[in-house]
Amino acid sequence: MTTATATKTGAGISGINSDAQKFISKSKKLLINGKWVDASSGKTFGVYDPSTGKEIVQVAEGDKADIDLAVKAARKAFDSGPWPSMTPSERGKLIWRLGDLLEKHLEEFAALESIDNGKPLAIARVADVPLAVDLFRYMAGWATKIEGTTIPITVPYAPGARFHAYTRREPVGVVGQIIPWNFPLLMAAWKLGPALATGCTIVLKPAEQTPLSALRLGELIMEAGFPEGVVNIVPGYGETAGAALAAHDDVDKAAFTGSTEVGRKIVHAAAGNLKKVTLELGGKSPNVVFADADLSAAIPGAASAIFFNHGQCCCAGSRLYIEKKVFDQVVEGVSAEAKKIKVGPGHEEGTQMGPLVSEEQLNRVVSYLEAGFEAGARAMTGGCRIGEKGYFVEPTVLIDTTHDMKVVKEEIFGPVVTAMPFDDLDDLAAQANDTVYGLGAGVWTRDISKAHLMAEKIRAGTIWVNCYNIFDAAMPFGGFKQSGWGREMGKQALDLYTETKAVCVAL
Ligand code: ADP
């Protein structure tokens with residue numbers, strides 16, 4: 001363990017964006033009360049390039065003591081100081097400015113995401129960073145539109161009396177936000193955007209695997225002019241920093257994205273002060289291809305539904321249901337798409353699929369594959385780790401799978417899809433819903449009635465028809481069942497960062 005000020009230069013990473021390289025070579029501290037500080041313990045932890053397993057840099061390791069300081073700073077910024085007295089328009093302008101700054105540094109952020117998470121540079125450029133920019137701009141617009149209502153009231157026990165009643169929507173307060181490693185920057189944006197628009201203050205804990213883009217975003221937050229303490233960023237481990245944030249008595253709301261298992265821990269931790277909780281958790285999303293679909297779109301669509309971000313998406317289309325008469329054609333088509341994918345280091349131009357994020361994730365995915373084969377599944381393509389260096393796994397299409405297998409029931413969070421035939425619509429809906437999750441689903445058909453019927457029958461937060469993985473800042477995202485509580489994005493997200501206050505005035 002080195003000290004927080006000692007950093008490695010990331011010199012082993014050749015050819016990445018020079019601004020990203022410069023940022024990597026600086027010391028990585030915690031953002032607390034507008035200042036970059038070492039961890040109270042002096043500890044740091046390593047961040048690794050998943051394409052080689054080599055350390056990129058050391059980052060200050062926040063724990064309970066740092067979370068305490070950050071929550072204190074967020075509390076002070078919420079209760080006094082310039083933030084609560086800013087006009088909605090001023091708040092909106094700051095958020096917009098943050099979006100502009102992020103856009104200005106798009107190449108740098110794409111490089112950071114790619115080196116830290118392993119995702120292809122080309123994807124980070126067109127998806128992760130622009131979506132984050134757009135989210136900030138969308139939420140900037142909402143800052144001036146957080147409205148209450150006027151309510152005509154009767155009060156039967158006060159005949160003749162007159163009242164003026166209305167509601168105010170006020171920020172929920174200090175928010176603890178804990179995010180995962182699969183879309184490090186975008187998840188930070190999804191969390192920060194609505195919290196800032198509504199006037200909350202924040203302690204953000206990035207995932208220990210991927211803290212770099214959140215730290216660079218912290219610099220832009222200060223450059224944009226947010227008052228000190230409004231956004232605090234404390235990288236650290238889940239069991240220490242994350243748990244301390246979720247349990248903190250002075251945090252009014254915990255917002256979490258990650259595994260369902262940790263989601264449960266957040267709920268338990270939040271019980272102490274009954275803080276509000278929103279959760280965006282796991283999934284095992286069905287993707288249904290009917291025989292009448294435009295297969296020239298459905299086949300690449302089904303491949304991208306699972307292989308996008310290496311299957312490390314909570315809404316990945318990981319259970320593929322194909323109508324019997326086109327089963328062979330679609331499975332062969334998706335397998336052919338899988339074979340075409342160029343796998344390599346994310347930060348190398350031309351890569352279409354990078355490594356999984358960590359050795360732990362690699363072991364997890366490989367052990368699911370082994371369990372699948374043991375239970376009788378067969379790989380149409382893929383099924384193995386690639387090479388010995390880095391955490392690469394072959395894009396995999398499994399057949400001969402059944403609903404009692406782990407590979408069908410549990411979230412793998414890797415580039416592995418199970419393909420299963422169906423021939424009856426009612427049975428299909430039951431199979432699609434035969435999961436504890438309910439995050440996303442896809443339906444591919446030319447029959448508009450079938451599309452809407454399936455959209456109604458499948459119990460999931462998002463249904464994509466003749467498309468998959470389409471996200472927009474204005475479209476709410478979140479889960480039914482054990483996929484979560486609440487929604488991210490859209491105006492629904494704002495409701496979850498506000499308290500409704502009723503005011504009643506006797507006239
Ligand atoms: P994964 O299993 O895919 O790594 P996790 O759900 O473990 O996803 O992690 C998502 C986020 O939750 C990370 O920021 C991680 O540090 C954090 N985390 C993990 N365990 C806890 C915990 N017990 N309390 C709070 N946060 C946690």
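If you read the sequence from its start, that first residue is 1, and numbering goes on from there. Note that ligands are numbered from 1 as they come in the structure, with each ligand's atoms numbered from 1 the same way.
Among all protein heavy atoms, the one lying closest to atom 23 (N) of ligand 1 is Lys265 CD, 3.6 Å. When only non-hydrogen protein atoms are considered, atom 14 (O) of ligand 1 lies nearest to Ile179 O, 2.7 Å. Among all non-hydrogen protein atoms, the one lying nearest atom 5 (P) of ligand 1 is Ser259 OG, 3.7 Å. Protein heavy atom nearest atom 7 (O) of ligand 1, with residue, atom name and distance: Val262 CG2, 3.6 Å. Nearest protein heavy-atom contact of atom 16 (O) of ligand 1 is Glu208 OE1, 2.6 Å. Summary of contacts: the protein heavy atom closest to atom 17 (C) of ligand 1 is Ile178 CG2, 3.6 Å.
Judged by distance alone, the side chain of Asn232 and the main-chain N or O of Val203 form no donor-acceptor pair under 3.5 Å. Panel note: side chain Thr351, backbone Gly346; no donor-acceptor pair is recorded below 3.5 Å. Formation of a donor-acceptor pair under 3.5 Å by the His310 side chain with backbone atoms of Pro355 is found in this model. Using modelled atom types, one side-chain atom of Ser41 and one backbone atom of Lys43 make a donor-acceptor pair closer than 3.5 Å.
A donor and an acceptor atom, one from each side chain of Lys275 and Asn273, are located under 3.5 Å apart. Checking Tyr368 against Glu410 by side-chain atom types alone, a donor-acceptor pair falls below 3.5 Å.
By the 4.0 Å heavy-atom criterion, Phe413 is excluded from the residues contacting ligand 1.
With respect to Arg125, the salt bridge (Lys or Arg N to Asp or Glu O under 4.0 Å) criterion is satisfied by exactly one of Glu108, Glu103, Glu107: Glu107.
Distances from atom 9 (O) of ligand 1 to the protein include no heavy-atom value under 4.0 Å.
The distance from ligand 1 to the heavy atoms of Gly258 drops below 4.0 Å at these ligand atoms: 6 (O). With ligand atoms numbered from 1 in the order given, ligand 1 contributes 1 (P), 3 (O), 4 (O) to contacts under 4.0 Å with heavy atoms of Trp181. For ligand 1 and Ala243, the ligand atoms under 4.0 Å from any heavy atom of the residue are 24 (N), 25 (C). Which parts of ligand 1 touch Gly242 is read off a 4.0 Å heavy-atom cut-off, strictly below it: atoms 24 (N), 25 (C), 26 (N). Taking every heavy atom of Phe256 and a limit of under 4.0 angstrom, the matching atoms of ligand 1 come to 6 (O), 10 (C), 11 (C), 12 (O). Counting the atoms of ligand 1 from 1 in the order shown, those under 4.0 Å from a heavy atom of Lys205 are 14 (O), 15 (C), 16 (O).
Listed by chain and number, the residues in a ring-ring contact (aromatic ring centres under 6.0 Å, His included) with Phe413 are Trp181 (sequence neighbours excluded).
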Test side-chain contact (heavy atoms from CB on, under 4.5 Å) applied to Leu192 and Gln177, step by step: CA-CA 8 Å; Leu192 293 171; Gln177 303 185 322; 3.6 Å; yes
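No more than 12 heavy atoms of other residues, nucleotides or ligands sit less than 6.0 Å from atom NZ of Lys72.
Within the set Gly238, Ala246, Ala244, Ala247, the minimum heavy-atom distance to atom 19 (C) of ligand 1 is found for Gly238.
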